Structure formats: C-alpha cells, structure tokens
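Have a look at the structure below, then the notes.
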Amino acid sequence: MTYSSPQRRSTALTTRTEFSPFGNKLVQSGYVDNDQMRQALIESRKSGRPLTEVLESITGKALSPELLRQFKKQQLFELKILYGVESLDPEVTSIGSGVVGGLIETLIPVDICRRHRLVPLSRHDDQNPPSVLVAMVDPDNLEASDDLNRILRPQNLALQRMVITQEDYQHLINEYLDEMAVKQKSIEQEKFTDINQDLENLGSLDLEDAPDDMEADLGSAMKGAEDAPIINLVNRILAKALHEAVSDIHIEPQEENLRIRFRKDGVLREAFDPLPKKIIPAVTARFKIISQLDIAERRLPQDGRIRRMFEGRKVDFRVNTLPSRYGEKIVLRILDNSSTQLGLDKLITDPETLQIVKELVSRPFGLILVTGPTGSGKTTSLYSALSEKNSPGINISTVEDPIEYSLPGITQVQVIREKGLDFATALRAFLRQDPDVLLVGETRDKETAKTAIEAALTGHLVLTTLHTNDAPGAIARLGEMGIEPFMVSSSLLGVLAQRLVRRVCSECRIPYEPTSEELGRYGLSSNGEVGLTFYKANTLTGEQIQEAKAKNTLCTTCNGVGYKGRCGVYEVMRVTENLQTLINDEAPTERIKEVAIEEGMKTLLAYSLDLVRQGATTLEEVERVTFTDTGLEAELKAKRKSGLTCRTCSAELQPEWLDCPYCMTPRF
C-alpha cells in the first residue's frame, strides 16, 4: 500500500493501532469513520450495551453476518486471554438443551445460574476426579466459585470453567426458562384435565353398573348426571380435548368399561384409561343434558349441539348419539375454527394445482365440486374459495348443516329439516335473491344436485361437495343420482378431490433410504429419486414416551407421536372438451381418469408423493391415506402412454428427453 503524503500515512497508522482488529476492519470497510468508532466505544463502556448494538444505532445500518461473526470471534479470543480459560461459542459447539436442563434441575439451581450468570454444560463422571463443566460470563467471580464448590464438593465433583459472552448466556438461560414455562403449562393442563380425583369421588355415589339391555333406571341416571363428580368428569373430558386440539371425541360403552377416545390429525387414540362400567348411564345422561337431547329416548339416534367458552373463544360441539349393545355411543365433533386461516394459497402447496383452482374459482358461472371423505377439509377449501370471491360487489349465499365458519359479508343459512328447510329448498330461495355465488354444504340427493346444476347453467357460480374417492369418480356419482350426462358436461367446471396427511415432525424425523421394492410399490424408481432424502416418523409407544419423559429426551414438538399437524393433498380435474365428450358418452370412470391424467391432472397419489419428496410427510402416511392399486395403475398407464414415465424402469422423464437416461430405453 502506498500513500501520497506523510499525513495520510500517519492517519492510516492511527487507524491500524487505535482500535481492535474488528474496529479497524469496520473503519477500513467504510461502515464507520474514526469519530463514530470512538463514540461507539465510549457509549458501549458507559451504558454496558453491546458494541454491535451501539454501532447499528449510530450508523442506522445493520452489520452484515460476516462482520458480526468476526466480532464474536474477536470477543471470545479476548475473553479467553483475559480469564485464562477456554471460551464457548454455541454457534460452533452444539449445546444439548436437555442436558443443560437436567443439570439445572438436579445439580445447580436456576437461581444460582441467574445470580452469577452461568450455565452448566456437561457432567464428566469418567474423569479423575469427576467434574462439571460450567460456562460463566465472569469466571473470576469468587462468590460464584464459592457457591458452585459448596454444591459440587459434597458430591465429589470438581469445577471446570469456560467463559461465555453475556449474549450467549442470556440466550441459553432464556431457552431453558422457555422450556420450563412450556412444561409448567403442560403440567397445569394435566392437573386441570386429570380425572383421577373425580373417579375417586365416584365411590361415594349411589351408582349401579349399567345393565346390558339398556334398561337402566332413568331416575338414577338423571340423579347421577347431576352429581358434582360426573359434571366435573364430563367437563374435564371436553377441556382435555380442547387442550390437545383434537377433532372428535368418542364416548364408547363396552362390555366391561367405558372407553373414551380422541381423534387427532385423523387418527384415533385412547384418551384415558378405561373408566368404570357403572358410570355409563350417568355420563351418557350428562352429555345428553348439556346437548339438549331427550334423556328418555335411548333407542333412536339423536343430534344435538354444545356451545362452550374456552380461553376467550366460542367452541361448538356437534353431538350424535347412537344406541349400541352396551349403551349409547356418543361422538362429538369439535367445531373450533378460530385459529384456521382461510386462503387457497395457505392450503395448496403445489403452484400448478393452486393456479388451476384459482382459475376455476375466478369463473363467473358454472359448478365446482369438492370431494373427499368426512374430515378431509372440504369445508375449509370451500370457504377459502369463497374468500377469493368475497367483495362488496358480489352477493354470496351459503346453505350448510352445520355452519362451521363465519365469513363477513355473506348470507349463511342453517338447514332445519324438521321445519322443511333443506338444501334444495334453501337453494331455490337463493335463486330469487339475486345471487352471484352459491355454496351448498352437501349434495346428497337428486333434487339438490339438479337444482345446483340448474343454478350453474343460469349464470351463477355454485360450489358444493360430494362424497367420492377421487375427482373422476364425481361424474359417476352424479350419474347415480339420476343427473343427465349433458347437464353435467355443460355445467361442470372442475372437481377438486382432497385428503389430509399428517405432517412428519421436523424436529425428530428419521432420515432413511427406502429400498427399490418400497419405491416400486408407489410407482417410483431408485434411479428417479437420486439425491432425495426420505424420512420416517419417530413414533414412540406409551412405555417409550414415559421413559423419554423421565430422561428429559421426549420431543417437545410432537410429544413422541412422530407427527405434528396435517397438510392437504389435492387432485384437480378441469373439465376440458375431451372430458365433456367422454361424459356425454357415459365413459367409465377409469377412462375419464386416464384422459384427465394425460391432460395434466396431478393425482392424489402423485401430490402426496411430492410431499414425501419435500420431507413434509412419509411413505407410511401415503399408504394410509392416498395409496390405491387401481389409482397407481391408471396413473402409470396414462404416464407411459404420454411418454412421461419410462416403460422399463418407471423413472419419470422430462418432456425434452428422447431416451431414459437411467436405462437408455427409447421413450416411444
């Protein structure tokens, strides 16, 4: 480096020697000048604020990650020289939060850690003498050393020290405190939903075992239903279900006991240990009382509803009772959509599928069908589509049973069959109220289907649901209802079939390499999946969960289930001219599906396998939810015919490839 004058050379030398290497680099890079650097150093010493924070406030510019990393390295080096012990950088050295938490809970109390700004890192019983490694902001703090030695010496443990920055200490201790807060909340929830005390109090009640012939004395059941232990028991069942965010509660009388199961993320599991058989009449009566059902009617199914306030929000339970051999089975569907975010882009992750659905919804008239089994998210998809259309210039009306969402600006009608207000009646009334968009909660008979199609043919956009396995199956279902093919082909815009698969826990999922046989079962090949990572869920048994809790190694995200939350799987069949011809010709469902795939439809299986490739779910979930041999056969047949799949090794091919690059088979 050369200088044009002695004055500039002097200035450069001052810049080099006045500040630390980090400060010199900041000045040389132009981030600050000499005066700003001096001001930042003085302000940092006076206020105790980190130098980087002061610099960013003075300059108004954020430090780059590279500069922050360099500052951290210099800071740790200076601390190492100052205190004569090794320094700790959590960004470089992995710190197990479970180990830290265990040492705080069993060895060095959290008040000692906070008072002296230290964190226990690890215990080494294999050393001579055994020791505990502790990271300290001030390793020379004699009071801290005395307190630590007073704790460790009685257990024949020596103290090993490391130095840590104030920021890293604060991050580690806050991480522990946050985990403790979550655990404490979980413990409080468990106490709040613990039914053991109520079961103990049942012993003092005059209850008789439920007879098998359902002829239990009604007066006795009513009296038991109003006793405090039964009331508390039912309330705790509801509270536990809401705390665990389940979708359904099953109250099931068995020959020897009462079984209670919860459905979460689409899977049923035991919620409590089996309850005594003698409480069946009282529990059943209590649920019927709060659902406003007929207590005396025990030989016919009944439908009711419960509304409760929970953590400041209204939650509805849709209740159904069904007479069974050992008593009335009660199933409650929880309708709690306060946390659900509507929007097609929040549901559909595949950009191409999302674009097709948005195009269908943007059409001014026609029929859109959403198909899938109960609990597959059809209503959420319908309301997400409505939210795309909802504006002051559009009149939207819905008829549902029950109304599950509340969307501002639309007219919602609840079906009341005993008063004669069914789907078809409400739909006919809508047509006299100048509608633009109509939503029919469910199409289950010819009258409703025909009215909906007539509305779609007369300038209205109609959205409704059907119960079919896939999108092409909706055509046959409408035919079974007695709808003429020409009406279907001229009104139907498209069909959206959907499922929900569980999302594999991102914290404890297990990477693995599936065998070629495993991949082949789903129409995949090892050649076509090179470089991809597949995952399995780390699902624990009940005993393993208890062991993990005792060792403080249980995954805090999924609590040993292996899955957390669900994601949608979608199949969109857009009705093209070719499909209209097939519908008019009453072609079989297999042929309609084959042509739809040739024209670009991504099947439920293909969509779910894309989620597997992205690491969002597992092949086991695909097997459970979307895999069918007939669906795979139709998909492979269509892909091979269009040249999208190698006919020899089943590898997926790109449109521009003439030969399969894996087995060199000619494409056609």
Side-chain angles (χ1 to χ4, degrees), residues 352-353 355-372 378 381-382 385 423-424 427-428 431 437-440 442-498 570-604 606 628 630-631 633-642 644:
E352 186 178 347
T353 303
Q355 183 60 34
I356 294 173
V357 175
K358 285 191 171 184
E359 286 177 4
L360 293 176
V361 173
S362 66
R363 301 283 286 275
F365 60 86
L367 177 66
I368 298 175
L369 297 174
V370 179
T371 76
K378 298 188 298 295
S381 295
L382 287 171
F423 287 110
L427 193 51
R428 285 193 295 270
L431 294 176
V437 180
L438 301 173
L439 186 152
V440 182
E442 185 177 358
T443 298
R444 61 176 70 175
D445 54 58
K446 179 179 179 179
E447 186 181 8
T448 304
K450 191 171 183 179
T451 307
I453 288 176
E454 289 172 351
L457 290 171
T458 53
H460 308 96
L461 182 65
V462 181
L463 296 88
T464 187
T465 68
L466 279 177
H467 287 284
T468 64
N469 289 328
D470 55 13
I475 308 301
R477 181 76 183 96
L478 290 173
E480 291 170 2
M481 290 181 179
I483 306 300
E484 293 83 351
F486 76 90
M487 293 187 67
V488 176
S489 64
S490 57
S491 64
L492 187 61
L493 298 176
V495 184
L496 173 66
Q498 66 182 82
Y570 301 91
E571 176 180 281
V572 185
M573 186 182 75
R574 184 167 38 187
V575 177
T576 61
E577 290 184 6
N578 287 337
L579 289 178
Q580 284 180 328
T581 301
L582 291 174
I583 293 170
N584 287 329
D585 293 343
E586 299 185 41
T589 300
E590 292 75 14
R591 177 59 183 157
I592 292 174
K593 183 167 189 172
E594 185 180 328
V595 172
I597 294 173
E598 290 175 6
E599 295 188 343
M601 181 183 81
K602 179 176 286 190
T603 63
L604 289 167
T628 61
T630 54
E633 184 180 348
E635 186 172 339
L636 290 178
K637 184 178 179 182
K639 283 189 173 183
R640 285 168 183 154
K641 185 175 180 181
S642 62
L644 295 174

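Side-chain atoms are counted along with the backbone in the values below, which use heavy atoms only and exclude waters and symmetry mates. Keep in mind that this is a model prediction, so the values were computed, not measured.
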Within this structure, what is the [atom1]-[atom2] distance for the pair [X] and [Y], rounded to the nearest 0.5 Å?
X      : Y      : atom1 : atom2 : value
Met601 : Ile592 : CE    : CD1   : 10.5 Å
Lys378 : Thr371 : NZ    : OG1   : 8.0 Å
Leu604 : Tyr570 : CG    : OH    : 11.0 Å
His467 : Thr443 : NE2   : OG1   : 10.0 Å
Asn578 : Gln580 : CG    : CD    : 9.5 Å
Phe423 : Thr451 : CZ    : OG1   : 12.5 Å

Heavy-atom side-chain contact between [X] and [Y] under 4.5 Å:
X      : Y      : result
Lys446 : Ile483 : yes
Thr464 : Leu369 : yes
Lys593 : Ile597 : yes
Leu579 : Ile475 : no
Leu431 : His460 : yes
Val575 : Val488 : no
Glu359 : Val572 : no
Leu461 : Leu493 : yes

| query | Checking Ser491 side chain against Met487 main chain: does a donor-acceptor pair fall under 3.5 Å? | reply | yes
| field | Expected output: side-chain Glu571 to main-chain Ala471 donor-acceptor under 3.5 Å | value | yes
| query | What pairs of residues pass the salt bridge (charged side-chain N to carboxylate O under 4.0 Å, His left out) test when at least one of them lies in residues 578-588, not counting sequence neighbours? | reply | none
| task | Only pairs at least two apart or in different chains count here, so list each salt bridge (charged side-chain N to carboxylate O under 4.0 Å, His left out) that has a residue in residues 480-497. | result | Arg477-Glu480
| field | Counterpart residues, salt bridge (charged side-chain N to carboxylate O under 4.0 Å, His left out), relative to Lys602 (two or more places apart) | value | Asp350, Asp610
List the atom of [X], the atom of [Y], and the distance in Å for their closest heavy-atom pair.
X      : Y      : result
Val462 : Ala452 : CG2-O, 3.7 Å
Ala456 : Leu367 : CB-N, 3.7 Å
Ala476 : Thr589 : CB-OG1, 3.6 Å
Ala596 : Met573 : CB-CG, 3.9 Å
Thr448 : Glu442 : CG2-O, 4.1 Å

| Test side chain to side chain contact (heavy atoms under 4.5 Å, CB included) applied to Thr465 and Leu382, Leu496, Val440, the passing residue | Leu382
| said: Within a 6.0 Å radius of atom CD on Glu352, are there more than 12 heavy atoms belonging to other residues, nucleotides or ligands? | reply: no
